[in-house]
Visitor: 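Dropping the structure in here first, questions after.
Values reported hereafter were calculated over all heavy atoms of this structure, with side chains retained and with hydrogens, waters and symmetry mates removed. The model shown is predicted, which means the values in this text are computed figures rather than measured ones.
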Amino acid sequence: MNTFFLRKGQPHLLFSLALFSLLIAVSSCEDSGIVGSDLVDEPPSINSDTVDIPLTEGIPITAFSGNENYFSAGWYNDNSFGEQQITGMVNPSLSRQGINDIEVDAKGYLKLHIEEVYGDQNATASFDLVEIGRRWRAPAWRHDSIPELTNNVVASFDITDQDSLEIPLSDEWFGRYVESFNTTAARDSLYRQEMFGLALVPKNQAKIISFGSGNTELIIDNQETSEDDDENGEDDEEPGIYTQFMRATAYSVNREFIPPQGQNTALYNTFENTLRLSFDATEEFIGSKNVSRAELVLYEDTLALQNLPAGHTRPEAKALYVYLLDENETERAVLKDPSYEMLREEEDNSFRLNLTSYINSNLAGTMDERDLYVIVRSNDGRIIPTFIQNETSEDRKPRIIITSVNPEK
């Protein structure tokens, strides 16, 4: 317990302290004249609204399929997406790197590296390797282009469950390749004019296979021998193995039909069918001009995808690409990079995109007349389809979730 003492003769000090404390208490109860004391208001209200996109439509767009990371070949009838036949195309290079001449008795092989399988994993896919009869340019090759083939079957082969394979090429075709290679004058020009590569043509309905373009090689077994004799006086054979990469790869798609649009829209990474989202990003449509966040949400129709037989697989759409295109751009092959990427949310099988910048730029200035076109990521030479629910869906329509600030409340 603390005890305070006042000396005799100092009562005026106690009175002064009490009077000072009383003045402070009174002044704190009165309105203060301090600057800024009357500027404290309630924070603005935060609103969250869902705006359904009123118009979606499946739109085919031309795209190129040459010289991508992959090329595909095969034949498969998908219960959801229908029958599709894919013809792959390769054209070996004619490089002298590491080798000057090819021997007359050399052998040639086409090496394929399998990256992805779409269809019956347990089935055997059969192919003919057919000579192409006309020059083609990979950078200008479209997925709906039709290759001109000869009757010359260079090889036949099967694919079951292996990761890679080497296909022996006919002596006739490889002999002409050797002749072009060993020609000293204008050999590359001669090769371009007379040999146009090979097509992987599916022979049976089983599956579609995607091959790595960078891992596809023409292997040259030059059958070289050394003069070194072993102790028994016999020659040791040491074959000289050389590889040629592909100067061009591509594929062509022969698809029976695109699934009709119901409550979902078929999407492909090949641009064969895109999802067009059409809306005007105006204050009337959005419901506010003070948007703090706008999130585009698309839902995959997982129920429509769950009808594959046992042992069959379909490549998964792990993300979507969004392109901003005007009407003229959709009438020619799309060369530009995507404007946005929509990442997948596994919890509700949705794809989401922060569209705040796009919405606010439209609200603040000139309206962007371009529509949003969505494909499966990405047009890389594989075949990847999916279904996205459209505006006719009951509870999973394409939508934009708007978070806005109301400064008046």
Side-chain angles (χ1 to χ4, degrees), residues 60-76 84-95 110-118 127-150 154 167 169 173 177 180 188-189 191-202 208-218 243-255 267-274 315 321 323 325 329-338 373 375-385:
I61 299 178
T62 300
F64 295 125
S65 66
N67 283 353
E68 300 292 348
N69 292 333
Y70 311 90
F71 68 96
S72 298
W75 183 359
Y76 182 62
Q84 46 197 323
Q85 295 185 51
I86 317 294
T87 299
M89 304 168 63
V90 297
N91 193 5
S93 64
L94 203 69
S95 171
L110 179 66
K111 183 176 181 179
L112 299 173
H113 188 83
I114 297 165
E115 298 287 348
E116 194 164 54
V117 176
Y118 172 12
F127 296 86
D128 279 339
L129 199 60
V130 182
E131 185 173 8
I132 299 173
R134 186 176 181 179
R135 188 175 179 180
W136 53 283
R137 293 183 61 251
W141 195 260
R142 307 186 322 193
H143 60 75
D144 58 350
S145 300
I146 301 175
E148 184 176 310
L149 305 181
T150 69
V154 175
I167 306 161
L169 304 174
W173 183 90
Y177 176 87
S180 297
D188 194 67
S189 176
Y191 179 65
R192 289 176 180 271
Q193 293 175 14
E194 296 185 354
M195 301 188 71
F196 311 107
L198 303 168
L200 288 73
V201 181
I208 296 169
I209 302 168
S210 297
F211 306 95
S213 296
N215 295 328
T216 302
E217 300 170 331
L218 173 63
T243 59
Q244 296 281 352
F245 292 103
M246 299 299 110
R247 67 169 48 171
T249 62
Y251 69 93
S252 294
V253 179
N254 180 11
R255 191 182 299 280
L267 262 66
Y268 300 88
N269 64 321
T270 59
F271 285 89
E272 291 174 84
N273 210 48
T274 70
Y321 277 166
Y323 291 78
L325 303 173
E329 288 178 302
T330 63
E331 296 176 355
R332 59 180 184 269
V334 177
L335 297 176
K336 62 176 18 175
D337 293 330
Y373 292 81
I375 69 166
V376 179
R377 170 190 174 185
S378 68
N379 183 30
D380 59 7
R382 295 177 293 175
I383 309 296
I384 308 176

Visitor: A side-chain contact here means heavy atoms from C-beta on lying under 4.5 Å apart; do N254 and I146 qualify?
Guide: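 They are not in contact (no side-chain heavy atoms under 4.5 Å apart), so the answer is no.
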
Visitor: Please find the pair of heavy atoms, one from A63 and one from F271, that lie closest to each other, and give the distance.
Guide: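 Nearest pair, atom of A63 first, then F271: CB-CD1, 3.5 Å.
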
Visitor: Is any side-chain heavy atom of V154 less than 4.5 Å from a side-chain heavy atom of I167?
Guide: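 Result no, sub-4.5 Å side-chain heavy-atom pair not found.
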
Visitor: How would you list, by chain and number, every residue that makes a side chain to side chain donor-acceptor pair (under 3.5 Å) with T270, sequence neighbours excluded?
Guide: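 With sequence neighbours excluded, T270 shows a side chain to side chain donor-acceptor pair (under 3.5 Å) to E272, given in chain and number order.
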
Visitor: Taking side chain to side chain donor-acceptor pair (under 3.5 Å) as the test, write out the residues that go with T87, two or more places apart.
Guide: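 If we apply the side chain to side chain donor-acceptor pair (under 3.5 Å) test to T87, skipping adjacent residues, there are no hits.
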
Visitor: Mind checking what makes side chain to side chain contact (heavy atoms under 4.5 Å, CB included) contact with Y321, not counting sequence neighbours?
Guide: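 Only Y323, P338, E341, I375, R377, S378 meet the side chain to side chain contact (heavy atoms under 4.5 Å, CB included) criterion with Y321.
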
Visitor: Got a sec, which residues hit ring pair (Phe, Tyr, Trp, His ring centres under 6.0 Å) with Y118, two or more places apart in sequence or on another chain?
Guide: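 In terms of ring pair (Phe, Tyr, Trp, His ring centres under 6.0 Å), with neighbours along the sequence ignored, Y118 is linked to Y76.
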
Visitor: Heavy-atom count check: over 12 atoms from other residues, nucleotides or ligands less than 6.0 Å from R142 CZ?
Guide: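 Count not over threshold, so no.
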
Visitor: Would you name the heavy atoms of I208 and S72 that are closest together and state the gap between them?
Guide: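 The pair with the smallest heavy-atom distance is CG2-CB, 4.2 Å.
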
Visitor: Could I get the full list of side chain to side chain donor-acceptor pair (under 3.5 Å) partners for Q244, not counting sequence neighbours?
Guide: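 Side chain to side chain donor-acceptor pair (under 3.5 Å) list for Q244, sorted by chain: S93.
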
Visitor: Does N69 reach the main-chain N or O of G381 with its side chain, forming a donor-acceptor pair under 3.5 Å?
Guide: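 It does not hold such a pair.
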
Visitor: Check side chain to side chain contact (heavy atoms under 4.5 Å, CB included) between S213 and all other residues, then give those that pass, not counting sequence neighbours.
Guide: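 Once residues adjacent in sequence are excluded, the partners of S213 under the side chain to side chain contact (heavy atoms under 4.5 Å, CB included) criterion are F71, T249.
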
Visitor: Starting from the C-alpha separation in whole Å, work towards a yes-or-no answer on side chain to side chain contact (heavy atoms under 4.5 Å, CB included) for V334 and N379.
Guide: CA-CA 10 Å; V334 177; N379 183 30; over 6 Å; no

Visitor: Taking all non-hydrogen atoms of both residues, which atom of I383 and which atom of S210 are closest, and how far apart?
Guide: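 In terms of heavy atoms, the two residues are closest at N-OG, 4.3 Å.
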
Visitor: Walk me through whether L335 and F64 qualify under side chain to side chain contact (heavy atoms under 4.5 Å, CB included).
Guide: CA-CA 8 Å; L335 297 176; F64 295 125; 3.3 Å; yes

Visitor: Flag the pair K336 and E329 as a salt bridge only when some basic side-chain nitrogen lies within less than 4.0 angstrom of an acidic carboxylate oxygen.
Guide: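 The answer is yes: the pair qualifies as a salt bridge.
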
Visitor: Identify, with sequence neighbours excluded, every residue that meets side chain to side chain donor-acceptor pair (under 3.5 Å) alongside W136.
Guide: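 If we apply the side chain to side chain donor-acceptor pair (under 3.5 Å) test to W136, skipping adjacent residues, there are no hits.
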
Visitor: In the structure I gave you, are the side-chain heavy atoms of T330 and Y373 within less than 4.5 Å of one another anywhere?
Guide: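 In short, these two side chains touch, coming nearer than 4.5 Å.
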
Visitor: For residues P147 and W141, determine if any side-chain heavy atom of one lies less than 4.5 Å from a side-chain heavy atom of the other.
Guide: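 Answer yes - side chains close enough.
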
Visitor: Using ring pair (Phe, Tyr, Trp, His ring centres under 6.0 Å) as the criterion, list what pairs up with Y191, not counting sequence neighbours.
Guide: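 For Y191 the ring pair (Phe, Tyr, Trp, His ring centres under 6.0 Å) partners, ignoring immediate neighbours, are Y177.
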
Visitor: Any side-chain heavy-atom pair from E115 and F211 closer than 4.5 angstrom?
Guide: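 No; the side chains remain at least 4.5 Å from each other.
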
Visitor: Report yes if some heavy atom in the side chain of Y268 is under 4.5 Å from a heavy atom in the side chain of R255; otherwise report no.
Guide: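 When only atoms from C-beta onward are counted, R255 and Y268 do touch, with a gap below 4.5 Å.
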
Visitor: How about S145 and S252: does a side-chain donor come under 3.5 Å of a side-chain acceptor?
Guide: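 Short answer, no.
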
Visitor: Which donor-acceptor pairs under 3.5 Å do the side chains of residues 192-201 make with protein atoms, sequence neighbours left out?
Guide:
unit_1	atom_1	unit_2	atom_2	d
R192	NE	D188	OD2	2.9
Q193	NE2	S189	OG	3.2

Visitor: Identify the heavy atoms of R332 and I61 that sit nearest to each other, and give their distance.
Guide: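 R332 and I61 have their closest heavy atoms at O-CG2, 4.2 Å.
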
Visitor: Please name all residues satisfying ring pair (Phe, Tyr, Trp, His ring centres under 6.0 Å) with Y251, sequence neighbours left out, ordered by chain then number.
Guide: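 None.
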
Visitor: Hey, are the side chains of L267 and T274 touching, using non-hydrogen atoms and a 4.5 Å cut-off?
Guide: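 Side-chain contact under 4.5 Å: no.
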
Visitor: For R137, give me all partners under side chain to side chain contact (heavy atoms under 4.5 Å, CB included), at least two apart in sequence or on another chain.
Guide: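 R137 satisfies side chain to side chain contact (heavy atoms under 4.5 Å, CB included) with P139, A140 once adjacent residues are dropped.
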
Visitor: May I ask you to test the D380-N269 pair for a side-chain heavy-atom distance under 4.5 Å?
Guide: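 Yes. Closest side-chain heavy atoms under 4.5 Å.
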
Visitor: Between K111 and T243, does the side chain to side chain contact (heavy atoms under 4.5 Å, CB included) criterion hold? Intermediate values first, please.
Guide: CA-CA 9 Å; K111 183 176 181 179; T243 59; over 6 Å; no

Visitor: Among residues at least two apart in sequence or on other chains, which ones pass side chain to side chain contact (heavy atoms under 4.5 Å, CB included) with D128?
Guide: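 Checked D128 against side chain to side chain contact (heavy atoms under 4.5 Å, CB included); matches are V130, V153, S156, K203.
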
Visitor: Checking I132 against M89 for the side chain to side chain contact (heavy atoms under 4.5 Å, CB included) test, could you report, in this order, the C-alpha distance in whole Å, the side-chain angles of both residues, the deciding distance, and whether it holds?
Guide: CA-CA 8 Å; I132 299 173; M89 304 168 63; 3.7 Å; yes

